[in-house]
Every structure is written in C-alpha cells, then in structure tokens.
Number of protein chains: 2
Amino acid sequence: MVKPSGQAGKDTKARILEAADAVFVRHGTDGARMQQIADEAGVNKALLHYYFRTKAELAEAVWRGVASSFVPGVLEMMASDASLDEKIDRFVDAYLTRLSRHPYLVTYVVSEAARSPDRVRAFYSSGRAEQARRVVRKLRAQIGEGIKEGRMARTTPEQFFVTLAAACVYPFAARPLIAAGIGFGAKGFDAFIKRRRRELPAFLKRALRT
Amino acid sequence: MVKPSGQAGKDTKARILEAADAVFVRHGTDGARMQQIADEAGVNKALLHYYFRTKAELAEAVWRGVASSFVPGVLEMMASDASLDEKIDRFVDAYLTRLSRHPYLVTYVVSEAARSPDRVRAFYSSGRAEQARRVVRKLRAQIGEGIKEGRMARTTPEQFFVTLAAACVYPFAARPLIAAGIGFGAKGFDAFIKRRRRELPAFLKRALRT
DNA sequence: GTCTATACTCTGATAGAC
DNA sequence: GTCTATCAGAGTATAGAC
C-alpha cells in the first residue's frame with residue numbers, strides 16, 4: 001500500500017485525488033472534466049483510470065473526502081456538555097474560518113446532495129447519523145432547561161441548529177450574489193465575514209433569550 | 001409573434017421553455033440533457049434548436065426567467081417605509097411559501113451563480129442592482145435610527161439582510177442533508193418549515209433588539 | 001412548424017508499448 | 001506505473017423532407 005518512494009513527486013494517487021478534489025468541487029461532478037484533472041495533477045488521463053476505474057468512482061472518493069472534513073469535530077462539540085453560548089461561539093468561529101478558505105465547498109456540497117441521494121447516504125454513513133441524533137438530544141435537553149428556567153424563548157433543537165448553520169454557511173453559498181448585490185468585491189467579502197465573526201454570536205444569543 | 005393558435009397544445013415555445021425550466025433547475029445546466037427537455041415538452045429535439053439556437057441560449061432563457069421570479073417584489077418591499085419588524089414578517093412569509101413550492105430552485109440559483117459569472121451579471125441587470133442599493137440605504141437608515149434610540153443592537157444592513165435571507169433560504173438549500181440528518185422525510189420537512197414560519201420572525205426580532 | 005435522419009464533437013474509457 | 005494512441009458512446013447541432 002505504501003509506495004517505496006523515489007518516483008516522480010510525492011504519491012501519485014494522492015496528487016490525482018487532490019487535483020480531482022479541486023476540479024470536482026469547483027465545477028461539480030457533471031461539469032468536471034477528466035482531462036482537466038489530469039492536467040492539474042500533471043499526469044496523463046489514462047492514469048486516472050488506472051487508480052480510479054471510472055469518473056464516478058473518482059467523484060465518489062472526492063465526495064467522501066469532503067464529507068469527512070466538512071463535518072469534522074464540530075458535531076462532537078455540539079453534542080458536548082459545553083453551554084449553548086459556548087457552542088455558538090465555537091461553531092461560528094470554526095465554520096467561518098474553515099469556509100473562508102474553501103470558497104466553492106458549500107456550493108459543491110449543496111448541489112451534489114440535492115442531485116444525488118447516494119451522496120446524502122454516504123454523508124451520513126460511518127455512524128455520523130447517530131452522532132447527529134446525539135446532537136439533537138443534547139440540544140433538546142439544554143434548550144428545555146433554558147425554557148424551564150425562563151431565560152430562553154421556546155424553540156426546538158432542529159430550528160436552532162439549522163438557523164445557526166444557515167447564518168454561518170449561507171453567506172458562502174450565496175457569495176457571488178451577495179458580493180455583486182451589495183456591491184463589494186473579494187476584499188469586501190472578507191471584511192464582511194470578519195465583521196460577521198464578531199457580531200453573529202451575540203446576535204444569535206440575543207435571539208435565544210426570552 | 002403571437003401564434004394564430006390551432007396548432008397542437010398551447011404555444012409550443014412556451015411549453016419548451018417550461019420543460020427546460022424543470023430540467024435545468026433540477027439537474028443544473030451541466031447535468032441537463034436536451035433529449036429530456038424535448039421529451040417533457042412532448043416535442044422533438046430538433047425543435048428545441050429551432051426556437052433556441054443552442055443549449056446555452058436555452059439555459060440563458062431559463063436563468064433569466066428564474067432570476068425574474070426569484071427576486072420579485074420582495075426587494076421593493078424591503079426598500080419601502082414599512083418597519084423592520086414588518087419587513088421581517090413579510091420576507092419570511094414570502095420566501096418560505098415560495099420556496100416550499102420549488103424544492104430545487106435554491107440549489108439551482110446557488111450553483112449556477114457560483115460557476116458562471118455571466119449568470120450573476122444577468123441576475124443584477126435591468127436596474128436590479130440599483131434596487132439592491134436602495135434596500136441597503138433604507139435599511140441603514142432604519143437600523144441607525146433604532147440604534148440611536150437605544151432599542152436596537154449595533155449592526156449593519158448587510159449583516160442583517162444576509163442573516164434574514166440565510167434563515168429563510170438555507171433550509172431549502174440544505175434540505176436533503178437536513179432531512180436525512182435530523183431524520184425525517186418529506187412530510188417532516190414540511191412540518192419543520194411550517195413551524196419555522198411561526199417562530200423565525202420572533203427569533204429575528206429578538207436578535208435585533210438591544 | 002415539426003419531424004426523421006445524420007453529422008460532428010467532446011470526453012470517458014481501453015489497449016498496448018515502454 | 002506511466003505514457004501514446006485509439007475506440008466507443010453520449011449528446012449537441014444541422015440538413016432536409018413534409
């Protein structure tokens with residue numbers, strides 16, 4: 001499995017996967033071209049088929065990689081005993097930081113998930129579905145407690161979590177529309193996100209309280 | 001321009017455009033097939049090229065149609081003299097209703113916009129850019145007033161508007177992930193949106209106040 | 001205007017040399 | 001393992017009859 005090294009560059013398979021990731025994420029599975037992947041990896045088209053039999057197989061590998069990195073320790077964090085306020089802080093920080101570095105990731109995940117049920121299944125494989133349920137259970141308990149003590153408005157863990165995710169993820173999904181609509185370029189968008197990192201946690205906390 | 005009627009069905013061009021809309025929105029421009037459009041329109045493939053010279057041209061027509069309906073009177077409403085609270089109410093209601101009926105619309109808009117700068121330009125043509133600026137100006141005035149009177153937390157119109165849009169739009173973008181992750185099917189998702197329509201306005205209003 | 005038949009291009013996939 | 005050359009199929013676009 002481990003190549004003895006000495007060949008050109010690092011591990012070829014890894015280079016191909018890296019290039020594939022870039023191309024698939026930017027253009028979507030339908031829009032991606034094997035030729036472009038080969039070019040970016042610095043190898044021949046035929047070699048792609050040597051390592052990954054078909055385009056579909058390569059696409060699948062890319063998707064799994066993205067899904068693994070997209071739902072990182074964050075779910076674990078959300079299921080932890082940390083307070084809701086702390087979870088908001090950490091979630092906002094983690095996602096705004098992460099997604100800033102990967103402009104096309106959200107678009108890719110959203111469009112692939114919508115168009116291929118297989119993708120969704122793969123996304124929740126390897127016990128991640130159970131992890132999601134744990135998050136919901138934990139949030140439900142914390143929210144219920146807050147409501148009982150009269151310091152939180154009535155809501156459900158699902159609504160809360162989706163709104164939290166929405167506030168962090170959506171700006172990147174709609175990035176070109178926002179940038180053009182509000183009338184600032186790439187630098188302006190970065191500033192927008194920077195400010196958002198400061199403001200959003202307080203915004204969400206106010207929304208939760210009574 | 002107006003066909004004398006008498007031919008099969010209603011206006012053929014309109015039927016083609018309708019079918020194209022369905023197929024492009026569901027599969028994206030790259031994933032769409034002219035054959036499928038022809039089938040759904042009940043005509044031959046060649047006829048598509050008779051009315052719209054190329055696939056790209058047809059895709060463009062579909063995009064313009066979607067962009068027109070996607071940013072409807074809502075921008076106008078947001079620029080009006082209505083109070084911020086009222087704007088929240090109307091925006092949430094309008095978008096949750098509209099998007100419930102068009103499951104794939106958000107995914108389509110987001111992915112097309114991300115992958116084709118032309119799309120973004122067309123989106124903001126016909127004076128819509130100016131309209132967006134008017135919205136920002138009006139919101140800035142209203143928020144500024146609220147802050148001065150000490151009843152609103154400090155924020156910018158951009159942050160507010162994006163968060164509002166995010167809370168309404170994102171659930172549909174992430175619909176398959178949410179449905180699978182939270183563990184309910186199509187009916188469960190509808191219930192989720194129904195509840196959201198009730199809760200979200202109050203949630204957002206709380207977030208705005210001091 | 002609408003159809004059938006077909007041309008042409010793009011691209012994913014394979015064969016086989018090195 | 002990696003390359004060159006080539007095939008086969010899908011899919012867009014056109015020609016031309018009706």
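Proteins come first, then strands; the chains are lettered A, B, ... in the order of their sequence lines, and each starts at number 1.
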- Item | side-chain hydrogen bond (donor to acceptor under 3.5 Å, both in side chains) against A/Gln36, all qualifying residues, sequence neighbours excluded |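 So A/Gln36 forms a side-chain hydrogen bond (donor to acceptor under 3.5 Å, both in side chains) with A/Glu40.
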
If I take atom [atom1] in residue [X] and atom [atom2] in nucleotide [N], what distance separates them, rounded to the nearest angstrom?
X	N	atom1	atom2	result
A/Lys45	C/dA13	NZ	C1'	8 Å
A/Leu48	C/dT14	CG	P	13 Å
A/Leu47	D/dA5	CG	C1'	16 Å

- Task: Quick one: list whatever passes side chain to side chain contact (heavy atoms under 4.5 Å, CB included) with B/Lys205, sequence neighbours left out.
- Result: B/Asp85, B/Ile88, B/Asp89, B/Pro201

- Message: Per the salt bridge (Lys or Arg N to Asp or Glu O under 4.0 Å) rule, what does the pair list look like for residues 48-64 of chain B, sequence neighbours excluded?
- Response: B/Glu60-B/Arg64, B/Glu60-B/Arg119

- Message: Counting only heavy atoms and a strict 4.0 angstrom limit, can you tell me which residues of residues 17-44 of chain B come near DNA chain C?
- Response: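 Of all residues in residues 17-44 of chain B, the ones placing a heavy atom under 4.0 Å from DNA chain C are B/Val43, B/Asn44.
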
- Report the relative orientation of the aromatic rings in B/Trp63 and B/Phe123; use parallel for angles under 30°, tilted for 30 to 60°, perpendicular for over 60°. tilted

- Between the side chain of A/Arg15 and the main-chain N/O of A/Ala41, is any donor-acceptor distance below 3.5 Å?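 Such a contact is found between A/Arg15 side chain and A/Ala41 backbone.
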
- Considering only side-chain heavy atoms of A/Tyr51, which listed nucleotide, C/dG1, D/dT14, D/dT2, is closest? D/dT2

- Item | Pairs flagged by side-chain hydrogen bond (donor to acceptor under 3.5 Å, both in side chains) wherever residues 162-176 of chain B is involved - sequence neighbours left out |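 Every pair satisfying side-chain hydrogen bond (donor to acceptor under 3.5 Å, both in side chains) with a residue in residues 162-176 of chain B: A/Arg196-B/Thr163.
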
Determine: side-chain N/O of [X] to OP1/OP2 of [N], distance under 4.0 Å, yes or no.
X	N	value
A/Thr12	D/dG1	no
B/Tyr50	D/dT14	no
B/His49	D/dT14	no

- Task: For DNA chain D, determine which residues of residues 53-66 of chain A have any heavy atom closer than 4.0 angstrom to one of its atoms, and list them numerically.
- Result: none

- Side-chain ion pair, A/Asp81 and A/Lys138, N-O less than 4.0 Å: yes

- Message: Cation-pi check for B/Phe52 against B/Lys13: NZ or CZ below 6.0 Å from the six-membered ring centre and within 45 degrees of the axis, yes or no?
- Response: yes

